[in-house]
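A short write-up of the structure that comes next.
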Protein chains: 2
Amino acid sequence: MNLAPNPAFRSDSAASLLRTEILNGTTSPGTLLAESAVAKRLGVSRVPVREALFALEREGLVEFSATGRAFVKALTPQDFEELYVLRLTLEPLASRLAASTLKADITQLEKNVAATRRARSVQEVTRLDLEFHQLILAASGNVRLLKLWRSLRGELELWLGRLHRSHQLQTRETLQETVDAHQGIVESFQTQSPAACERLMREHILGWREWLPLSS
Amino acid sequence: MNLAPNPAFRSDSAASLLRTEILNGTTSPGTLLAESAVAKRLGVSRVPVREALFALEREGLVEFSATGRAFVKALTPQDFEELYVLRLTLEPLASRLAASTLKADITQLEKNVAATRRARSVQEVTRLDLEFHQLILAASGNVRLLKLWRSLRGELELWLGRLHRSHQLQTRETLQETVDAHQGIVESFQTQSPAACERLMREHILGWREWLPLSS
DNA sequence: GAGATTCATTCGGTATACCGTTTCAATACG
DNA sequence: CGTATTGAAACGGTATACCGAATGAATCTC
């Protein structure tokens, strides 16, 4: 028996806690995350906090000043524009690459869509929505492509969280639209060509254009 | 006078040294980079070495095992395939986005091409080649796009370095081809539409297809 | 001999301490 | 009043030390 896959590193715990607080909006953008202060608050030393901050930087939730101080990232409308352009490039590509894989097995995607139908909170829908897209990135088979997307995921969550808090999103209709679109994409993997899958994903993301802060 | 932009962090020095050794091939792929050993060799403590290893991981030159040990990344033909697909996606996009910026000012690109013409070593050509492409990524104005590309740059350098060492590249003709292609791209920014710039970059990268390890 | 076991060594995760630099607000200056 | 100055507190970069876990080779088992 070689079990014990959970060393429970303090750096991971610290990252999880800080991640939650940032995504919740508990700690507002621009806040200084001083190593000493965070360490004292979490009851650990500065070393794991340091690593947690680096991890969060890779996720796009934290940014470092020139002098090495960590701040909760503050996103501007232009940042969302950048993210949007990249999603519009990376995700259709992933869809095309994933087409052959997903033709054989779409059980995970189907589970995700079913769970989204049953979801009861906006947080849950958001999580499942991002998970749906990440499943396709993972199915692309290009681990670098998945890594690139994951480095943007934190910022995408910040974006969605902001939309939710401003009540611009997640009326009953938009939820239904999301589920329908995802359902259509899943079916496309079974019935259509890779190029068609790519196109469908592109159109799905184009539908997000209206939620860009700039256009509101 | 507030000069002193060079704190000369030991972590940066360590990263530079290790980076050079990895790209040279001095430390071969798969080599364990134990923190203690590297620290002793460089005459610093483990802490800056740790950070250097994280930095090199972001650059794609080092990978961590499940138990946290750092190894010099070993690239497989499939890895090159992944990198190629991503270049083929990101760089034409950057070209299109950079078109408006570069219509106004191509001096940096022109300097680069001129320097490439004057280059006397394969290492220098490689460096200038990657710099040319990076200039365009930077000119795209999308800082996230630039960051994504930079996270692949280390692996691209490993790829080119391998090609050089196997003498498959950098005959006089391929150098001339590179310079010509780059010159054409620079001119396209002045004379053509963003879509045409995008297409030209795509074709330039398609030209690299023959250098994929799989096809040789 | 092939595979499981043991154990000394190595290695990474973390705590703590020290130091120079940065920061920022109170103060002095024009 | 607006702008330099200054000095104490805060912060990050690094060194060192401790510990449990992982590693790999020698050993034991069948």
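To find a chain, count down the sequence lines: A is the first, B the second, and so on, and within it residues start at 1. None of these values were measured; they are calculated from a predicted model.
In this structure, L32(A) places its CG atom 6 Å from P of dG12(D), rounding to the nearest Å. Taking atom CZ of residue F64(B) and atom C1' of nucleotide dG12(C), one finds them 10 Å apart after rounding to whole Å. Put simply, CZ on F9(B) is 8 Å from P on dT22(C), counting in whole angstrom units. The distance from atom CZ of F71(B) to atom P of dG12(C) is 8 Å, rounded to the nearest whole Å. The separation between R10(A) atom CZ and dA21(D) atom C1' is 14 Å, rounded to whole Å. Following rounding to the nearest Å, R50(A) (CZ) and dT14(C) (P) show an atom-to-atom distance of 14 Å. Straight-line distance from the NZ atom of K40(B) to the C1' atom of dC11(C): 12 Å, rounded to whole Å. The interatomic distance linking R69(B) (CZ) with dT9(C) (C1') rounds to 11 Å, in whole Å.
Of the two residues contacting DNA chain C, namely A34(B) and P48(A), the nearest-nucleotide position lying further toward the 5' end is that of A34(B). Mapped onto DNA chain D by nearest heavy atom, V47(A) and L53(A) fall at different nucleotides, with L53(A) at the one closer to the 5' end.
The side chain of T67(B) places no N or O atom within less than 4.0 Å of a non-bridging phosphate oxygen (OP1 or OP2) of dA21(D). For S45(A), no side-chain nitrogen or oxygen approaches OP1 or OP2 of dT14(C) to under 4.0 Å. OP1 or OP2 of dT14(C) has not a single side-chain nitrogen or oxygen of R46(B) nearer than 4.0 Å. At the phosphate of dT14(D), OP1 or OP2 sits under 4.0 Å from a side-chain N or O atom of S11(B).
Using modelled atom types and a 3.5 Å distance limit, the side chains of T116(A) and H182(A) yield no donor-acceptor pair. A donor-acceptor pair shorter than 3.5 Å can be found between the side chains of D79(A) and T76(A).
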> Run the salt bridge (Lys or Arg N to Asp or Glu O under 4.0 Å) check on E82(A) and K147(B) step by step: do they pass?
Replying inline: CA-CA 12 Å; E82(A) 289 196 3; K147(B) 275 190 186 175; over 6 Å; no

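In this structure a side-chain-to-backbone donor-acceptor pair under 3.5 Å is present from T89(B) to V85(B).
The residue from E63(A), E57(A), E155(A) that alone fulfils the side-chain hydrogen bond (donor to acceptor under 3.5 Å, both in side chains) condition with K73(A) is E155(A).
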